[in-house]
Number of protein chains: 2
Amino acid sequence: MQNGLESLTTDEIAAASGVSTRTFFNYYPNKEAAAIGHPPEFSESDKEALRTGTAPLAADIKRLLGRHIETLAKDEAILRMVGKILRCNEKARGILDGFLSAQREDLTEVFCSRIGNRQTAAALAHSATNAIGGAIFLWEHEDGITLSQALDRVWEGLMDASRLLSSTGE
Amino acid sequence: MQNGLESLTTDEIAAASGVSTRTFFNYYPNKEAAAIGHPPEFSESDKEALRTGTAPLAADIKRLLGRHIETLAKDEAILRMVGKILRCNEKARGILDGFLSAQREDLTEVFCSRIGNRQTAAALAHSATNAIGGAIFLWEHEDGITLSQALDRVWEGLMDASRLLSSTGE
DNA sequence: AAAAACCTTGCACAGTCTGCAAGTTTTGCA
DNA sequence: TGCAAAACTTGCAGACTGTGCAAGGTTTTT
């Protein structure tokens, strides 16, 4: 069993769900999309807080990410299972990638309305979504660490990296 | 024609390549992988230069990225075609994502050996690969801009973002 | 209670991809 | 040169995903 998904047929999934295979495909465009579902979005109020926040930008971003990771932490089991699927199913990765790209664009708009410059906003949005992804990755690969702790570690790395990039020496 | 790839069957591709369909699948694991191919890697010597460089980190990174984007610029036609495929084929996105993740890990090692801290290295690697992706995106969506110019714009955004993140005020 | 809108399902079908068992070509070496 | 081994190509059968369509059933509306 390389995947878990690959060894599950749509017939089996449909039967287990108590609908016909045809109906399964009325609900979901394909097997992978059904398996990974739709990842949670950043909350509107958190985005609004980021848009209008007055604390240093880094602090406001960290708050958004922290709250988002808390949301994710509510479904650790799902997160772990989805991670397993993503690790060995290319199509699933592509589908998730689509969702995350949309979220990143969304976040880019938020940053854009706070700081004005689109390229800068895009870089920030990338950093933010990478931090979430990185935190999940760390949490998956390191025992006895919570998602929040993982985010803190990743965040520190991002802060270090930012300092390194913006300083002229090393 | 939503995709271009979806309306092309493997039978057609194989026939056009002068081999049987079965042989096509001996060469490539699937249609999408065949269509997008393997993206170019960062050159070993450029990575080595980054590993052992003594200029400010940002300058060394920028050099690596600049040289990589020059490599990409040699095949603009391919880049454009692959972009078109990626935009509407989830499986292809997932496959590319796998390649790029591997490249990013590779780059993480490079940064790691230069600066020591793994999380920081990972953040830098993310920023670097995002810059490449962002530059291609910008080049695709803005008329009359070269890849190098696009990279410069994206790079400025990254520098701004780094300063914003590492400063306590705004 | 009839009509309209909606949902589920079966069926046929196009397409991807794999394993297997030939057959064919290339390589290497005697 | 010539033959055996290795490597490659192919056809075929088959499992599986996903779609269009039309028939049948359910729910909602009037």
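Sequence lines set the chain letters: A, B, ... in the order given, protein chains first and strands last, and positions in each chain run from 1.
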**Message:** Would the distance check show the side chain of Lys31(B) and the main-chain N or O of Leu5(B) forming a donor-acceptor pair, the cut-off being under 3.5 Å?
**Reply:** yes

**Asked** How many Å lie between CG on Asp11(B) and P on dG11(D), as a whole number?
**Response** 11 Å

**Asked** Looking at the side chain of Lys31(A), which of dG18(D), dG11(D), dC17(C) is the nearest nucleotide?
**Response** dG18(D)

**Asked** Of Gly18(B) and Thr21(A), whose nearest nucleotide on DNA chain D comes first from the 5' end?
**Response** Gly18(B)

**Request:** Indicate, with a heavy-atom threshold strictly under 4.0 Å, whether Leu8(A) touches base, sugar-phosphate, or nothing.
**Result:** sugar-phosphate

**Message:** Please report the distance, rounded to the nearest Å, between CZ in Arg22(B) and P in dC12(D).
**Reply:** 14 Å

**Message:** It should be established whether Lys91(B) places a side-chain nitrogen or oxygen under 4.0 Å from OP1 or OP2 of nucleotide dC17(C).
**Reply:** yes

**Asked** Rounded to the Å, how far apart are Ile13(B) CD1 and dG15(C) C1'?
**Response** 12 Å

**Asked** Just how far, in rounded Å, is P of dA15(D) from CD of Glu12(A)?
**Response** 14 Å

**Asked** At under 4.0 Å, does any side-chain N or O of Ser20(B) touch on OP1 or OP2 of dT10(D)?
**Response** yes

**Message:** Under a plain distance cut-off of 3.5 Å, with no hydrogens placed, do Thr10(B) and Thr21(B) share a side-chain donor-acceptor pair?
**Reply:** no

**Prompt:** Of the nucleotides dT8(C), dT16(C), dT10(D), which has the atom closest to the Asn26(A) side chain?
**Reply:** dT8(C)

**Asked** Separation of Glu6(A) atom CD from dT16(C) atom C1', in whole Å?
**Response** 13 Å

**dT9(D) OP1/OP2 closer than 4.0 Å to side-chain N/O of Tyr27(B)** = yes

**Asked** Any luck finding a side-chain donor-acceptor pair between Asn26(B) and Arg22(B) under 3.5 Å?
**Response** yes

**Fill in**
Picking from dC16(D), dT10(D), dT9(C), the nucleotide nearest the side-chain atoms of Thr9(A) would be dC16(D)

**Request:** Please report, rounded to the nearest Å, how far the P atom of dT16(C) is from the CZ atom of Phe24(B).
**Result:** 9 Å

**Request:** Check the distance between dC17(C)'s P and Leu5(A)'s CG and give it to me in whole angstrom.
**Result:** 16 Å

**Request:** Scan side-chain atoms only and decide if Ser45(B) and Ser43(B) contain a donor-acceptor pair under the 3.5 Å cut-off.
**Result:** yes

**Item:** Cation-pi geometry met for Arg153(B) and Trp139(B) (6.0 Å, 45°)
**Value:** no

**Complete:** Here the distance between atom P of dA13(D) and atom CZ of Phe25(B), to the nearest Å, is 18 Å

**Asked** So which nucleotide from dT9(D), dT9(C), dC17(C) ends up closest to the side chain of Thr10(B)?
**Response** dC17(C)

